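Side-chain atoms are counted along with the backbone in the values below, which use heavy atoms only and exclude waters and symmetry mates. Reminder, nothing fancy here: chain letters follow the sequence lines and each chain counts from 1. The structure presented is a predicted model; accordingly, all values stated were derived computationally and were not measured.
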2 protein chains.
Amino acid sequence: MQSPASLAVAYRANGRKLTPQRQLIFQLMHENETHPTAEDLFAQASAQMPGISLRTVYQTLNELAEMGELQFIEIGSGATRFDPNVGDHHHAVCDSCGQIRDVHVRGAATLRPTDSTDFVINEVGVVFRGICSACETSRRKGSSQRGAKSPVQQAKASKK
Amino acid sequence: MQSPASLAVAYRANGRKLTPQRQLIFQLMHENETHPTAEDLFAQASAQMPGISLRTVYQTLNELAEMGELQFIEIGSGATRFDPNVGDHHHAVCDSCGQIRDVHVRGAATLRPTDSTDFVINEVGVVFRGICSACETSRRKGSSQRGAKSPVQQAKASKK
DNA sequence: CAACTAATTTGCAAGTCATGCGAATTAGCA
DNA sequence: TGCTAATTCGCATGACTTGCAAATTAGTTG
Ligand SMILES: [Mn+2]
Ligand SMILES: [Mn+2]
Ligand SMILES: [Zn+2]
Ligand SMILES: [Zn+2]
């Protein structure tokens, strides 16, 4: 995601208007490393701009993605997560709290399948699944592990 | 996913019944490398067993996942894809046709983030995105590229 | 083999996430 | 200040998945 200053330029270049809603959402995403969902952003946006519509949040996020200002991340936890960092990086997903953090992996970009050579690769993504330090710590203290579910199961179970 | 022979054992071990529906779905998934959706399986299952319910397909797939016989794959194309191969392998996703193929990546299991060392890694997944040979070929022939959308956009656009 | 019963299957309702649509509003420009 | 195309908003709709309870059935028991 570009700097706030170039936002207007980016929008104009696409023949788009610079609305307050777009500015707010851009601002909320700028340098945001939490990989929020549309609902997360809607909640934050609503605090600063009561009345803003969830529809507009989705719309704006889709536009920003089309403009290449952000990317979508799907980790199978239900809702799409948005990432303003479109540079070279990867992710570590905590199977306990669902947090997604940015990580860097040396040589990831040059990874290639040992088979399937007849496939034009545009992008390589690495995802680490495991337990973040915060969860690991709280886990050792109390909280007995009730029900061992797969990551996906867990994600889906916590939906309600 | 285990051999069909051990299916009964696996089920009994979990105090479950060996129903015709479960046998059919297991059979359809066994050594299936297409990473089908629940709807895909429902269609195939319906052909062989008219009247089988989509609900049962979902239920059985969830059970098999709980039993560790298969895994879920989410590539952000809408529906969950199911994979009977729970061994060490990775995936290549065609952004054009959505096909997911199995690939192997040397050293993938030992990849580590250069940062975030305080994260217990349980699993490492690599996803290659690009264009499969079939799409690449048909692309060179006719079909002019109309509208360049991101992979996710594309997947979502083709939903309807 | 018939009865029994807990597990399973089904169909439909409901839930979640995201998009389609059209009326009301507004940014950017003349 | 006015115009107009773009945008916002709210609600309907759609795709995918799960909750629920009545009907059915696998597997056991006698
Ligand atoms: Mn990121
Ligand atoms: Mn696979
Ligand atoms: Zn965590
Ligand atoms: Zn393809």
Side-chain angles (χ1 to χ4, degrees), chain A residues 7-9 11-26 36-43 45-46 49-67 72-82 149 152-160, chain B residues 7-9 11-26 36-43 45-46 49-67 72-82 98 149-150 152-160:
Chain A
L7 171 64
V9 180
Y11 268 118
R12 302 262 173 65
N14 286 275
R16 294 183 150 127
K17 295 179 179 177
L18 192 58
T19 67
Q21 290 87 345
R22 283 173 174 168
Q23 292 178 69
L24 174 56
I25 293 167
F26 182 95
T37 65
E39 295 275 0
D40 290 339
L41 289 166
F42 175 58
S46 294
M49 185 184 284
I52 188 174
S53 146
L54 174 59
R55 188 70 185 79
T56 297
V57 174
Y58 272 110
Q59 202 138 276
T60 304
L61 289 170
N62 279 325
E63 288 165 8
L64 289 171
E66 274 175 44
M67 291 162 61
F72 293 173
I73 298 179
E74 324 259 345
I75 58 160
S77 61
T80 299
R81 315 267 302 239
F82 299 88
K149 291 187 174 182
V152 174
Q153 294 303 315
Q154 225 169 8
K156 292 191 174 169
S158 63
K159 269 190 192 177
K160 45 177 174 180
Chain B
L7 171 64
V9 181
Y11 269 117
R12 302 265 172 65
N14 286 274
R16 295 183 150 127
K17 294 179 179 177
L18 191 59
T19 67
Q21 290 87 345
R22 283 174 173 168
Q23 292 178 68
L24 174 56
I25 293 167
F26 182 95
T37 64
E39 295 276 359
D40 290 339
L41 289 166
F42 175 57
S46 294
M49 185 184 285
I52 188 174
S53 146
L54 173 60
R55 188 71 186 78
T56 297
V57 174
Y58 272 110
Q59 203 139 277
T60 303
L61 289 170
N62 280 325
E63 288 164 10
L64 289 171
E66 274 174 43
M67 291 163 60
F72 292 174
I73 298 179
E74 323 259 344
I75 58 160
S77 60
T80 299
R81 314 268 301 239
F82 299 88
K149 290 185 174 182
S150 79
V152 175
Q153 294 302 316
Q154 226 171 2
K156 291 189 175 170
S158 63
K159 267 191 192 177
K160 44 177 171 179

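Within the 4.0 Å cut-off from OP1 or OP2 of dC16(D), not a single side-chain nitrogen or oxygen of Thr80(B) is found. The side chain of Ser53(B) places no N or O atom within less than 4.0 Å of a non-bridging phosphate oxygen (OP1 or OP2) of dT9(C). Side-chain N/O atoms of Tyr58(A) include none lying less than 4.0 angstrom from OP1 or OP2 on dT19(C). One finds a side-chain N or O of Thr19(B) lying less than 4.0 angstrom from the OP1 or OP2 phosphate oxygen of dT9(C).
Here Leu24(A) contributes atom CG and Thr56(A) contributes atom OG1; the two are 11.0 Å apart, rounded to the nearest 0.5 Å. Note that CG of Leu41(B) and CG of Leu54(B) are 10.0 Å apart. Values are rounded to the nearest 0.5 Å. A distance of 6.0 Å separates CZ of Arg22(B) from CZ of Arg16(B), quoted to the nearest 0.5 Å. To the nearest 0.5 Å, atom CE of residue Met67(A) and atom CG of residue Asn62(A) are 12.5 Å apart.
Here the P atom of nucleotide dT18(D) and the CG atom of Leu61(B) are 10 Å apart, to the nearest Å. Taking atom CD on Gln59(B) and atom P on dA21(D), their separation rounds to 14 Å, with Å as the unit. Spacing between atom CG of Leu54(B) and atom C1' of dC16(D) amounts to 9 Å, rounded to whole angstrom units. Regarding Phe42(B), its CZ atom lies at a distance of 11 Å from the C1' atom of dG11(C), rounded to whole Å. Ile52(B) has its CD1 atom 17 Å from the P atom of dT24(D), to the nearest Å. Following rounding to the nearest Å, Tyr11(A) (OH) and dA5(D) (P) show an atom-to-atom distance of 21 Å. In this structure, the CD atom of Glu39(A) is 14 Å from the C1' atom of dT19(C), given to the nearest Å. The nearest whole Å value for the distance from the CZ atom in Arg16(B) to the P atom in dT9(C) is 10 Å.
Distances were taken from every side-chain heavy atom of Lys17(B) (C-beta onward) to each of dA7(C), dT7(D), dT17(D); the shortest belongs to dA7(C). Among the nucleotides dT19(C), dC9(D), dT9(C), the one closest to any side-chain atom of Arg22(B) is dT9(C).
For dG19(D), its base sits under 3.5 Å from the side chain of Arg55(B) at one donor and acceptor pair at least.
Tested against Phe82(B), the residues Leu64(B), Leu61(B), Asp40(B) include a single side-chain contact (heavy atoms from CB on, under 4.5 Å) partner, Leu61(B).
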